[in-house]
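Written out below as structure tokens is the structure these notes cover.
This one's a predicted model, so the numbers in the text were calculated from it and none came from an experiment. Quick note on labels: first sequence line is chain A, next is B, and so on, each numbered from 1.
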There are 2 protein chains.
Amino acid sequence: MRKKAPGSYHHGDLRRSLIDAGRMLLAKNNSGGLSLREVAKVAGVSHTAPYRHFKDKAELLAAIAETGFHQLRADAERVAHTYRETPLQQYTHCAARYVRFAVENPETAHLMFGGGIDMRTAPPSLKQASWATFELLIEIIENGKQAGLYKAVDTMDLAVATWSGIHGLSLLIANGYLTQLAASDSQIDGLAQRVARLLLEGIRK
Amino acid sequence: MRKKAPGSYHHGDLRRSLIDAGRMLLAKNNSGGLSLREVAKVAGVSHTAPYRHFKDKAELLAAIAETGFHQLRADAERVAHTYRETPLQQYTHCAARYVRFAVENPETAHLMFGGGIDMRTAPPSLKQASWATFELLIEIIENGKQAGLYKAVDTMDLAVATWSGIHGLSLLIANGYLTQLAASDSQIDGLAQRVARLLLEGIRK
DNA sequence: TGGCCATGTTTACTCTGGCAACTCATTTTG
DNA sequence: CAAAATGAGTTGCCAGAGTAAACATGGCCA
């Protein structure tokens, strides 16, 4: 989190600093939101300086969400690479990673998926970042399909179904709907495993 | 939406009017949020009158979310009753109803599930309303289980898995992540059907 | 070297949430 | 039945936040 060197007029990389400060504050004021002025202060800059880099507050939030997508994609990509030879494990471990991301970064997840941003009208770079994340999921499904793991159904349907399941579970946990079943980290992992399994095998007898 | 009769001092049922006004405004200012003063104005009352009924803004929002849960539960209950003899259809049609609720009331859904409210610290009546909704789902699963429809797995796991899937799909659509696949109402229904089916049968070959 | 333009600053305006003190109407009670 | 108590709504106020406009600064290119 670079601050402006005191005395110097120009900052150097304010845009980046604002995003970093934003994420930091978002994590600190748990779900209490975030004020542009606060962000500016943390970055060591006057409260209107952000407007040189973002049209308005929503655009800063969108940029923060974008870093969330980049992180999520990078996290999942690492896991996917580790299990590149075993499609089934690739799927389950990536799913678990997705859930962990939401649980570990609830405010960022809230920003990305909470409805504050409508993807239909989001900035192009954000759309692209979210799309790139989804593409990774499609790849993973495609991998499994070619290994004969999944049904011969439209890949898109398979991908949407699993995405929905993992996504829904992540948000339910992150928003405290499953406190009874998923209090500790190990319980969360366990639940994620079992749900991923059920998505795979179906609930039907 | 009852307004105060002009000239009369007392309103009669302000609490209810504020909630109604809130939902109306939420729907109008699409996802633009909602101001307490605006709500008060619509209800025909001074800007601090709401404080006689709600501790603060968050509490009003929680009350609005609560009506959302009541509506969702009532909607689903009606569907569940209609298909009470056929557990499979009961499941698929309730799932479709859940998705429609989110798509038709995106702002309310946003409030309920967007992370603005953490269920762990929510007002008891809200917790109860959300729990009652989940209970209906559990009942539906239990029905199917007794009809020999589902795997002999912990009902809670079955319920969480399907809830996650439907919930995730609903939010993905409502937040515009699946615009390509789910633009029209009929496309949404179709997608919901196929996803519900995949949750049932699993994606594995 | 001198002027331009991107980047930051200052100032000011509006909107919002929330507190305090006041008023009005209804209900309870001596 | 009058008067106090209480619940419901109002007026006024303040601090914090988003943002527009005018101004300042300083690095870069002609």
Let's see if you can work this out: which of [options] has an atom nearest to the side-chain heavy atoms of [X]?
X       : options                : answer
A:His47 : C:dG18, D:dG18, C:dT11 : C:dT11
B:Ala49 : D:dT19, C:dG8, D:dT10  : D:dT10
A:Lys57 : C:dG18, D:dT10, D:dT19 : D:dT19
B:Ser46 : C:dG18, D:dT11, C:dG8  : D:dT11

Rounded interatomic separation in angstrom, taking [atom1] from [X] and [atom2] from [N]:
X       : N      : atom1 : atom2 : answer
B:Asp56 : C:dC19 : CG    : P     : 8 Å
B:Tyr51 : D:dA8  : OH    : P     : 17 Å
B:Phe54 : C:dG17 : CZ    : P     : 14 Å
A:Asp13 : C:dA6  : CG    : P     : 18 Å
B:Leu36 : D:dG9  : CG    : P     : 14 Å
B:Arg15 : D:dG7  : CZ    : P     : 17 Å
A:Leu34 : D:dG16 : CG    : P     : 17 Å
B:Lys41 : C:dC15 : NZ    : C1'   : 11 Å

Any N or O donor-acceptor pair linking the side chain of B:Arg52 to the base of D:dG7 at under 3.5 Å?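 No pair found.
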Presence of donor-acceptor pair under 3.5 Å, side chain of B:Thr48 and base of D:dT11: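 A donor-acceptor contact between them is present.
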Check B:Trp163, B:Tyr98, B:Phe69 against B:Phe134 for a ring-ring contact (aromatic ring centres under 6.0 Å, His included) and give me the one that passes.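 Going through the options one by one, the only one that passes is B:Trp163.
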Select base, sugar-phosphate, or nothing to describe what A:Leu60 touches, counting heavy atoms under 4.0 Å on all strands.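 Since no nucleic acid heavy atom lies under 4.0 Å of A:Leu60, the category is nothing.
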For a quick test of reading the model, state the closest non-hydrogen atom pair linking A:Ala21 to A:Val42 and the distance between them.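 Between these two residues, the closest heavy atoms are CB-CG1, 3.7 Å.
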Is it the case that atom CD in B:Gln128 sees more than 12 heavy atoms from other parts of the structure closer than 6.0 Å?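 Not more than 12 within 6.0 Å, no.
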Distance flag, aromatic centroids of B:Tyr91 and B:Tyr83, threshold under 6.0 Å: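 No: the rings miss the under 6.0 Å criterion.
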Can you work out whether A:Arg37 or A:His53 has the more 5'-proximal nearest nucleotide on DNA chain C?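 Nearest nucleotide further toward 5': that of A:His53.
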Any luck finding a side-chain donor-acceptor pair between A:Thr92 and A:Gln193 under 3.5 Å?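 No.
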